[in-house]
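Below, all heavy atoms of this structure are taken into account, side chains as well, without hydrogens, waters or symmetry copies.
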Amino acid sequence: MAEKRDYYDVLGIKKGASESEIKKAYRQMAKKYHPDNNPDDKSAEEKMKEVNQAYEILSDSEKRSSYDQFGHAAFEQGGAGGGGYYGGGMDFDMGDIFNMFGFGGSGSTARRNGPQRGSDIGVTIQISFEEAIFGTTKEISINITDKCDTCNGTGAKTGTHAETCKRCNGTGQERVVQQSIFGAMTSVRTCSVCGGTGKIIKDPCPTCRGKGRVKKAKKFEVNIPKGIDHGQTIRLSGKGEAGINGGGYGDLMVTVYVQPDRYFVRKGMDIYCDVPITFVQATLGDEITIKTIDGEQKYTVKPGTQPETVATMRGVGVPNLRNNAQRGNQVVTFKVKIPTELTGRQKEILKEFYNPNVVENEKKGFWDKMKEKLED
Ligand SMILES: [Zn+2]
Ligand SMILES: [Zn+2]
């Protein structure tokens, strides 16, 4: 996906530009890239779209301040879980803007019936803890608005075609003159005959009933990259809803839900787990095996390991989403288990261990003991 350009750059203004400067810059840009001045120029159409998006954000003080704070990210996450993602929601009507600013006076500039990109669709998929770490491929089935195959999206019955609306000459808009206390006022509204499509379908396609789009059950394969985390979204370009009047497809936004694991807890690229050891192992040290996502690994518990001691096993954590060679760590907390059932012999030994006299005696060296014997 192409990097989104900075909105201030798009309008060719400075960050601190005033409202009127933004408006002025927008008018200039809109004139430059206006479809009437650039017939059949795709790049101008794209530029115009970009300019519209930039203006939509920067002309609204609330949206502008969140853009200043968070950049494009401020709007990209907004519609999670629903359909209303950035791209789809922002495509607003050229007709509205040009009428708002009063240029492009003739009806032909009002393009209500222009191509409209399909909406972005948001879906959630569930994957396991391991799948998030090692990556996987998942198939998803969704019901989605797609182009009607019977009429190839035209909405007209096979063998017929849509006619240009006579009322609006295909513009989708009509001018209405109203008398008011200020005199005659002309306003523009959606064409009452064609409903803004600019077309009249006499024989509608029976499959889509003239809409050109139908709901379809579709399957998509989603490649889940290594290292993806809970709540992250994968964008499948062009797999969203079909557009209107020849507009492109929207995107499919797949948000990943990672099921929790019974043993491991993930925090970013690191994996946390508790490892139980006996109090004897903690005291004397031991060679143990610890479960990692790569399998079991040998680990040496040091003598005198205290309860809740934390150890880091390097390089067996989660791979970096962007650079799989880079991996996080596994952070282990040793849980020292105190025995609850002891034999009589075990109890005796432990009591002996805690008897200060015995301990003192053990500490004395051989010669001390010999001396004591001789003194007796
Ligand atoms: Zn159809
Ligand atoms: Zn019409």
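Put simply, the side chain of Thr160 never gets that close to the backbone of Ala156: no donor and acceptor are under 3.5 Å apart. Under the 3.5 Å distance criterion, the side-chain polar atoms of Glu174 are matched with a main-chain donor or acceptor of Ser192. Under the 3.5 Å distance criterion, the side-chain polar atoms of Lys216 are matched with a main-chain donor or acceptor of Lys147. Distance alone, capped at 3.5 Å, is enough to place a donor-acceptor pair between the Asn329 side chain and the Gly315 backbone. Glu341 places no side-chain N or O within 3.5 Å of a backbone atom of Pro339 that could act as its donor or acceptor partner. Between the Asn324 side chain and the Asn320 main chain, a donor and an acceptor come within less than 3.5 Å of each other.
If you chain together hydrophobic residues whose side chains sit under 4.5 Å apart, Ile127 and Ile234 fall into the same group. Cluster membership check: Met313 does not share its hydrophobic cluster with Tyr272, using side-chain heavy-atom separations under 4.5 Å among Ile, Leu, Val, Met, Phe, Trp and Tyr. Grouping the Ile, Leu, Val, Met, Phe, Trp and Tyr side chains by contacts below 4.5 angstrom, directly or via other members, places Leu350 with Ile277. No continuous path of hydrophobic side-chain contacts links Val318 to Tyr257 [ILVMFWY only; heavy atoms under 4.5 Å]. Val316 and Val331 fall into different hydrophobic clusters, where Ile, Leu, Val, Met, Phe, Trp and Tyr are joined by side-chain heavy atoms under 4.5 Å apart, directly or via other members.
Side chains of Val10 and Leu58 form no contact here, defined as non-hydrogen atoms less than 4.5 Å apart. Side-chain contact between Lys218 and Asp146: present, with at least one pair of heavy atoms (C-beta onward) separated by less than 4.5 Å. Inter-residue side-chain proximity for Ile57 and Gln53 is flagged as unmet; no heavy-atom pair is nearer than 4.5 Å. Between Ile140 and Lys239 there is no side-chain heavy-atom pair separated by less than 4.5 Å. The closest side-chain heavy-atom distance from Leu252 to Val222 is not below 4.5 Å. In this structure the side chain of Lys302 reaches within 4.5 angstrom of the side chain of Thr305, judged on heavy atoms. Within the 4.5 Å cutoff, the side chain of Lys211 has no heavy atoms near those of the Thr145 side chain. Here the side chains of Gln330 and Cys273 are in contact, with some heavy-atom distance below 4.5 Å.
Looking at Gln259, Lys138, Gln126 one by one, the single match for side-chain hydrogen bond (donor to acceptor under 3.5 Å, both in side chains) with Glu131 turns out to be Lys138.
The NZ atom of Lys199 sits 10.5 Å away from atom SG of Cys168, with the distance rounded to the nearest 0.5 Å. Atom CD of residue Glu50 and atom CG of residue Leu11 lie 9.0 Å apart, to the nearest 0.5 angstrom. To the nearest 0.5 Å, atoms CD1 (Ile228) and CG (Leu321) are separated by 6.0 Å.
Among residues at least two apart or in separate chains, ring pair (Phe, Tyr, Trp, His ring centres under 6.0 Å) pairs with a member in residues 308-348 are Tyr299-Phe334.
Ring pair Tyr8/Tyr67 is tilted by interplanar angle, where 30° to 60° counts as tilted.
Using modelled atom types and a 3.5 Å distance limit, the side chains of Asp41 and Ser43 yield a donor-acceptor pair. Side-chain atoms of Thr233 and Thr255 include a donor-acceptor pair closer than 3.5 Å.
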- Message: Asp251 vs Arg117, test: salt bridge (charged side-chain N to carboxylate O under 4.0 Å, His left out). Steps then yes/no.
- Response: CA-CA 10 Å; Asp251 297 338; Arg117 184 179 174 273; 3.2 Å; yes
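Within a 6.0 Å radius of NZ in Lys298, other residues, nucleotides and ligands contribute 12 heavy atoms or fewer. In the displayed structure, Glu19 atom CD is contacted under 6.0 Å by at most 12 heavy atoms of other residues, nucleotides or ligands.
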